[in-house]
Amino acid sequence: MELQRPRGTRDFLPDEMAKRRYVENKLREAATRWGYGEIKTPTFEHIELFTLKSGEGILGEIYNFRDKGDREIALRPELTAPVVRMYVEELQRSPKPLKFFYFDNCFRYERPQKGRFREFFQFGVEIIGSARPESDAEVIALAVEMLNSAGVKGDLHVGHLGIVRALMKDLLPEHQSKIMRLVDKKDDKGLEEFLDELQAPDEMRGKLFRLIGLRGENAVHEARELVGEIDAMSQFEALLSLLDVYGLEYQVDLGIARGLDYYTGMVFEIYCEGLGAQNQVCGGGSYRLAALFGGEDTPSTGYAIGFDRIMEICEAKPAEIKRIVVVSFDDTRKEAIVIANKLRAHVSTYIDVMGRKFKDQISYANTIGASHVVIVGKNELDAGKVALKDMKTGEQVLVTVEEVAGRMSGEVLL
RNA sequence: GCCUGGGUGGGGUAGCUGGUUAUCCUAUGGGACUGUGGAUCCUACGACUCGGGUUCGAAUCCCGACCCGGGCCCCA
């Protein structure tokens with residue numbers, strides 16, 4: 001085989017596409033029901049958009065090229081930056097909040113493994129213009145709702161970066177950033193070394209380690225004891241009580257961090273079993289990116305679902321498409337085409353294009369799992385009718401084309 | 001970028017302590033059965049991932065590349 005697809009890319013065959021479309025539509029419906037509008041941004045952007053957001057360090061994982069006009073272009077590695085770019089470019093004066101969803105492919109130059117590809121698909125949601133716990137809670141609830149509608153159950157972990165940051169408020173911003181990165185990586189050893197280097201006070205050090213280790217039931221109380229009455233803390237508590245209102249099960253996890261500075265408040269992640277090393281199916285949080293892209297500072301909250309990962313584990317099964325085959329004889333082929341065209345308004349209809357004989361046409365119908373065969377022969381046509389044969393039972397009845405249409409419609413069409 | 005396992009027709013496989021024409025199943029095209037499917041038979045198609053090396057001789061042994069799986073790193 002000389003030609004093969006590039007590494008980390010995939011072909012999707014009809015059966016798999018049917019499943020993917022089915023799940024995609026479930027997610028799409030959920031987002032729509034919650035009042036979010038679909039958007040679409042370009043497949044490629046100026047590379048600065050992504051280096052601005054994530055730093056020069058990401059260049060190694062970006063598909064980029066110089067176009068004929070000598071512009072440095074990148075295939076998008078994610079969709080939050082393009083969405084915020086779009087907002088800053090044309091929507092800053094729109095009524096808030098703005099609620100968007102998207103589903104598209106992204107590209108990263110990474111080593112492929114289970115649940116990780118070089119071209120992959122993200123389904124995401126962003127709400128722009130609110131920094132309140134209400135929007136945070138809504139976004140989280142929608143994420144859970146989407147996954148549920150796709151038949152995926154996961155563990156929801158919720159944290160708040162403002163709490164950890166409050167503890168470090170006396171440190172230089174770049175030192176805070178470094179610490180957040182170490183926390184994000186769960187690199188306790190590196191964190192300790194860095195705190196040594198900073199000669200951080202023991203009190204803060206102790207609190208920091210306790211804070212990022214907090215999980216579950218009493219985490220909130222303990223956190224409050226550690227950091228006291230601060231805005232982030234009361235915001236977080238407000239958020240949690242709203243999550244209760246939504247009836248969500250969650251685990252407080254103050255060890256969730258983000259290595260990037262524009263994540264400011266709530267963060268959440270959803271994990272699933274059965275995915276190997278790539279067990280996170282959804283991640284999100286509140287952030288401030290608009291100012292970085294030259295707009296007014298605007299709070300946003302969003303998340304992205306790793307679509308390929310939920311496809312790995314979801315058990316949703318699309319309803320089988322009913323299909324019928326119109327079969328004919330050499331002297332009725334043209335009539336059969338006319339009849340097939342009528343039936344196509346009602347049901348997924350096949351007709352022979354291989355010049356096959358009558359018997360082989362039926363055999364083909366059997367092969368593709370057709371539920372019925374419509375036989376168009378001289379005898380039937382003389383009576384103004386066709387024969388409708390049930391491939392399961394073998395029963396056959398003489399009916400008009402309209403009756404066939406009537407019996408076959410009401411089924412799911414493509 | 002690192003570690004590890006693996007690549008034989010479209011799919012699944014045998015061969016792999018080197019030795020004729022690479023095995024079997026399945027799928028696919030054509031045909032037999034000529035107005036009724038799943039069966040059977042005939043026939044066609046079709047592979048040793050690629051490149052070096054060792055050898056009289058390599059699918060088989062060695063090296064490298066590529067690709068796939070699993071795990072690190074990373075994960076905006």
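Lettering follows sequence order; numbering is per chain, from 1.
- The distance from atom CG of A/Asp15 to atom P of B/G11 is 16 Å, rounded to the nearest whole Å.
- Atom CZ of A/Phe358 is separated from atom P of B/A32 by 16 Å (rounded to the nearest Å).
- Here, B/C50 and B/A59 have their C1' atoms 14 Å apart, quoted to the whole Å.
- Nucleotides B/U49 and B/A32 place their C1' atoms 39 Å apart, quoted to the nearest Å.
- For B/G37, its base never sits under 3.5 Å from the side chain of A/Asp360 at any donor and acceptor pair.
- Nearest to the side chain of A/Asn366, among B/G38, B/G35, B/G30, sits B/G38.
- Among the protein residues, A/Lys185 comes within range of the sugar-phosphate backbone only, with heavy atoms under 4.0 Å from sugar or phosphate atoms but none that close to a base.
- Atom CD of A/Glu78 is separated from atom C1' of B/A76 by 5 Å (rounded to the nearest Å).
- Without hydrogens or angle criteria, A/Glu78 side chain to A/Thr80 main chain gives a donor-acceptor distance under 3.5 Å.
- With both ends at atom P, the span from B/U54 to B/C41 equals 49 Å, rounded to whole Å.
- Residue side chain A/Arg116 reaches the base of B/C74 through a donor-acceptor N/O pair under 3.5 Å, judged by distance alone.
- Only the C1' atoms considered, B/C48 is 25 Å distant from B/U43, to the nearest whole Å.
- Note: A/Phe103 and A/Phe307 meet the aromatic proximity criterion, with ring centroids under 6.0 Å apart.
- Nucleotides B/C62 and B/U4, compared at atom P, are 15 Å apart to the nearest Å.
- Comparing A/Ser363 and A/Arg111, the nucleotide of RNA chain B nearest to each residue sits closer to the 5' end for A/Arg111.
- Minimum atom distance to the side chain of A/Lys359 is reached by B/U34, of the listed B/C74, B/U34, B/A76.
- The side chain of A/Ile58 sits closest to B/A76 out of B/G30, B/U36, B/A76.
- Scored by the side chain to side chain contact (heavy atoms under 4.5 Å, CB included) test, A/Asp104 finds A/Lys40, A/Arg76, A/Leu79 as partners (sequence neighbours excluded).
- In this structure, A/Tyr262 reaches the sugar-phosphate backbone alone: every heavy-atom distance under 4.0 Å involves primed, P, OP1 or OP2 atoms, never a base.
- One finds no side-chain N or O of A/Lys357 lying less than 4.0 angstrom from the OP1 or OP2 phosphate oxygen of B/G30.
- The base-pairing partner of B/G7, taking Watson-Crick or G-U wobble contacts with both distances under 3.5 Å, is B/C66.
- Checking the phosphate oxygens (OP1, OP2) of B/C66, no side-chain nitrogen or oxygen of A/Arg7 falls inside 4.0 Å.
- For B/A76, its base sits under 3.5 Å from the side chain of A/Arg108 at one donor and acceptor pair at least.
- Between A/Ile375 atom CD1 and B/G37 atom P there is a gap of 10 Å when expressed in whole angstrom units.
- Distance, A/Glu110 CD to B/C75 P: 9 Å, rounded to whole Å.
- Inter-residue side-chain proximity for A/Arg118 and A/Arg108 is flagged as unmet; no heavy-atom pair is nearer than 4.5 Å.
- For the residue pair A/Tyr350 / A/Gln361, no side-chain donor-acceptor distance below 3.5 Å is found, with atom types taken as modelled.
- Between B/A27 and B/C66, the distance separating the two P atoms is 37 Å to the nearest Å.
- Summarising the geometry, the separation between CD on A/Gln113 and P on B/U4 is reported as 16 Å, rounded to the nearest angstrom.
- Using a 4.0 Å cut-off, no side-chain N or O of A/Lys114 falls inside it from OP1 or OP2 of B/G71.
- Within the 4.5 Å cutoff, the side chain of A/Arg407 has no heavy atoms near those of the A/Val404 side chain.
- Within the nucleic acid shown, A/Gly394 comes within 4.0 Å of at least one base atom, counting heavy atoms only.
- Separating the P atom of B/C25 from that of B/A65 is a span of 39 Å, rounded to the nearest Å.
- The base of B/G35 sits with one of its N or O atoms less than 3.5 Å from a complementary donor or acceptor on the side chain of A/Glu380.
- Rounded to whole angstrom, the span from the CD atom of A/Gln361 across to the C1' atom of B/G30 amounts to 16 Å.
- Here A/Thr367 lies in heavy-atom contact (under 4.0 Å) with sugar-phosphate atoms only.
- Comparing A/Pro77 and A/Thr9 along RNA chain B, the residue whose closest nucleotide (by nearest heavy atom) sits nearer the 5' end is A/Thr9.
- Pairing for B/C74 is absent, with no Watson-Crick or G-U wobble pair whose two atom distances lie under 3.5 Å.
- The closest side-chain heavy-atom distance from A/Ile140 to A/Tyr303 is not below 4.5 Å.
- The separation between A/Glu395 atom CD and B/U36 atom C1' is 15 Å, rounded to whole Å.
- Counting any heavy atom pair closer than 4.0 Å across all strands shown, A/Gly284 reaches no nucleic acid atom.
- In this model, the phosphate group of B/U36 is not approached by any side-chain N or O of A/Lys389 to a distance below 4.0 Å at OP1 or OP2.
- Across all strands shown, A/Arg76 has no heavy atoms under 4.0 Å from either base or sugar-phosphate atoms.
- Considering only the side chain of A/Glu61, B/C74 comes nearest among B/C33, B/C74, B/C73.
- You'll find the side chain of A/Ile73 stays beyond 4.5 Å of the side chain of A/Glu45, heavy atoms only.
- At a threshold of 4.0 angstrom between heavy atoms, the contacts of A/Tyr263 are confined to the sugar-phosphate backbone, with no base atom among them.
- As rounded to the nearest Å, B/U60 and B/U55 have C1' atoms that lie 13 Å from one another.
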